[in-house]
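What you see below is based on every heavy atom in this structure, not just the backbone, and it leaves out hydrogens, waters and symmetry mates. Within every chain, numbering begins at 1; the chains are lettered A, B, ... in the order of the sequence lines, protein sequences first and strands thereafter.
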Amino acid sequence: MVSATNGTAAPPGPPPGPPPTKENPYLAHLSPAERAIGGADASSSSSSSSDALTGFLPRRVTSKQVLAALEAPMNPFTSTPKPYSQKYRDILAKRKTLPVFAQVDDFLQKFQENQILVMIGETGSGKTTQIPQFVAYSDLPHMKRGPDGAPMLIACTQPRRVAAMSVAKRVAEEMDVSLGQEVGYTIRFEDATSKPHTFLKYMTDGMLLREAMHDKMLSRYSTIILDEAHERTLATDILMGLLKPLCAKRPDLKIVVMSATLEAEKFQKYFNSAPLLKVPGRTFPVETFYTPEPEPDYLEAAIRTVLMIHQAEDEGDILLFLTGEEEIEDACRKIRAGADELAATSPEICGPLKVVPLYSSLPPQQQQKIFDAAPARLSPDGPPGRKVVISTNIAETSLTIDGIVYVVDPGFSKQKVYNPRIRVESLLVSPISKASAQQRMGRAGRTRPGKCFRLYTEKDFVNELIESSYPEILRSNLANTVLELKKLGVDNLVRFDYMDAPAPETIMRALELLNYLAAFDDNGNLTPLGEIMAEFPLDPCLAKMLICSSDLGCSNEILSITAMLSVPNVFLRPNAQRQQADTAKAAFAHPDGDHLTLLNVYHAYKTNCYDKDSASNWCWQNYLSLRALQQADNVRQQLSRTMEKFDLDLVSNQFEGNERRYYENISRAITCGFFMQVAHKSGAGKSASYTTIKDNQIVAPHPSTTLDHSPEFLLYNEFVLTTRNFIRTVLEVRPEWLLEYAPSYYAPEAFKDDGEVKRIMQGISRKLKGGASSGNGSGREREKKKARKG
DNA sequence: GAGATTCAC
């Protein structure tokens, strides 16, 4: 039994767990009544519901037993006995044809004999729906009780909310139970589970990570299944790093890591050579074509290829992958023009072509169009119509379009990159990985055999494309993650067992920031403030600003601003109506900065939108995104609950007759969180420019700003690297506040170079020291006037 | 005087 902790070759035998008792070593964790499943006590009223599970020994279940139980008359998973419905049997017949079903035996054996199991299940294998059910027969979580008296749980994590919801719904149907009872899901803003009944829970990976913050042992879970692990989201990576050592402390906990395609070896190796189970997929063959020579202009080549397919290939829809909104809209226009020309010149060969763009910021109504049928042929014996969807990589994983037969893959996507030196995340058009290329190709073979046209050479595919995309953890600012890890009890962040360790500089940058924000003390330990900050689903700067706002009497306002900053841009600016949109925005503009403008918008939204109709009308008239505003409202509610939990008062300062003060306190609170993101003006008049403090990057306020002047100090929410260095969502701040709320960061000694900012800070701190002896307020007031002149 | 790749708490 020595190897039980590391998931390697645990010999067949009693599973690790509670100490054995006389009657049945495997049921010791059950209450006496529950132990009777073996058949000894048949008099209890609930026994009939358990008939199907008679003879089941937890984690020593055979495929024969499972297959028999699936055919039983009564559902053994419901709390009161219930006969299976006809629908259940119909679905069961279909389930049995899934590739995973052929491997129940293999799965159960490997699962039961090992603590950790790695599974490769290709698309269409049925792994996401079936494996958790197989685990349920083995774990019997509904008959065990966790530390809080509720049933034990099987978790299956997903990177996306929609997947968690839709799979849970499907599995509830398959098990003939109601969604939210025995089978449920948990995603942000929505918990469709029932504590006394749920034993199988689908959830987003981020949600399980949040739960781990409050229960480090994850003691309610008997098995955790990490699905889509190959996507390597930040949350999945952190979860893997937490679960690996947890296995030693929880010998009864089992882990299944499910992944598509390659890289299984990497997962196996990481989890101490865990065994591997391969399940074939069920897709149609896709023939792949490469270009003989590299294409100098992929956009032009893509358009040409789509039109070529339209002329020369059999009926079937096309999916083209491009990198972004602008490129997609551009390609749509050009392909429409090309198709019109073809239809005019050779109507006997080319039928009608419907061109549909797809990207995430498109309103849902427009996104639905990807599911429309291809246009009909113009005459009964004319050439068939065709649909072409031009999409970002949203169609690679998040959205599946049935009926695609041809995929055109230029080999590029926009990817996030992080530069820790200047603490900036930016987007870069980069070559995709082999794994992405495979994924794109697979989209052609979902309903029948297809073709994939890669607009690069085979040689480039083999030699130039990396195997898999870099995991998110290597491409992100980790401030938030580092805070979370500390809260999760990870002491040494550098020695944490990452599957791929981030650059030390990225971690150092995060630690530094958290130390300046006073979330970490100088020894790198979490402060009481840091403990609270970690509870907010926010970036550390936002969390700090929100927490500070209570003392400044403006938490209601900062709460609204935080929510607005946490959702996509609320301002719409359709190409054809830019001017009208800008005029509409001007009505909300606050001259001192965009944060205050956002506050105006939120207030206006709340006063003008009291029902569905008023909301959509008002937003439409004001060029605002209703979707984003509703989301902001949702976020605001969630944050206010966290505020209450920590007794952070929700308060406002008086506005009437006190406007200047009202806004000043809001600006001060924002400064508490964002003092590290401030730029200083150099030069004057039209030649004025801004330089970020300490990082010394030359930046310009983003043209979308509502600021109407050029203050000496400008705080920014975001640094964006596009055509130039822009700072977006900016706010005028006073240098005295900087020194007041971040004395160590702005102490004159903390500046390496002698610059103007250092001199200003020297001046202020001298005055403050002088003023301290002569009282408080008046000295500071004089200081402000002085600073404004300078 | 610009321009969002996608998810997640």
- Message: So, does A:Thr392 get its side chain near the phosphate of B:dT6, meaning an N or O under 4.0 Å from OP1 or OP2?
- Response: yes
Selected nucleotide, minimal atom distance to [X] side chain, candidates [options]:
X: A:Phe726; options: B:dC9, B:dT5, B:dA2; answer: B:dA2
X: A:Leu427; options: B:dA4, B:dC9, B:dG1; answer: B:dA4
X: A:Tyr359; options: B:dG1, B:dA4, B:dT6; answer: B:dT6
X: A:Ser398; options: B:dA2, B:dT5, B:dT6; answer: B:dT6
X: A:Ile187; options: B:dC9, B:dC7, B:dG1; answer: B:dC9
X: A:Pro537; options: B:dA4, B:dT5, B:dC9; answer: B:dC9

- Query: Is there a donor N/O on one and an acceptor N/O on the other, under 3.5 Å, for the side chain of A:Arg728 and the base of B:dA2?
  - Reply: no
- Query: side chain to side chain contact (heavy atoms under 4.5 Å, CB included) with A:Glu535: which residues, sequence neighbours excluded?
  - Reply: A:His214, A:Lys487, A:Thr642, A:Lys645, A:Phe646
- What residues, two or more places apart in sequence or in another chain, satisfy side chain to side chain contact (heavy atoms under 4.5 Å, CB included) together with A:Phe189? A:Arg161, A:Asn634, A:Val635, A:Gln638
- Message: Checking side-chain polar atoms at under 3.5 Å, does A:Gln158 have a donor or acceptor matched by the opposite partner on A:Tyr185?
- Response: no
What's [X] touching, base or sugar-phosphate or nothing? Going by heavy atoms closer than 4.0 Å.
X: A:Arg188; value: base
X: A:Arg475; value: nothing
X: A:Arg161; value: sugar-phosphate

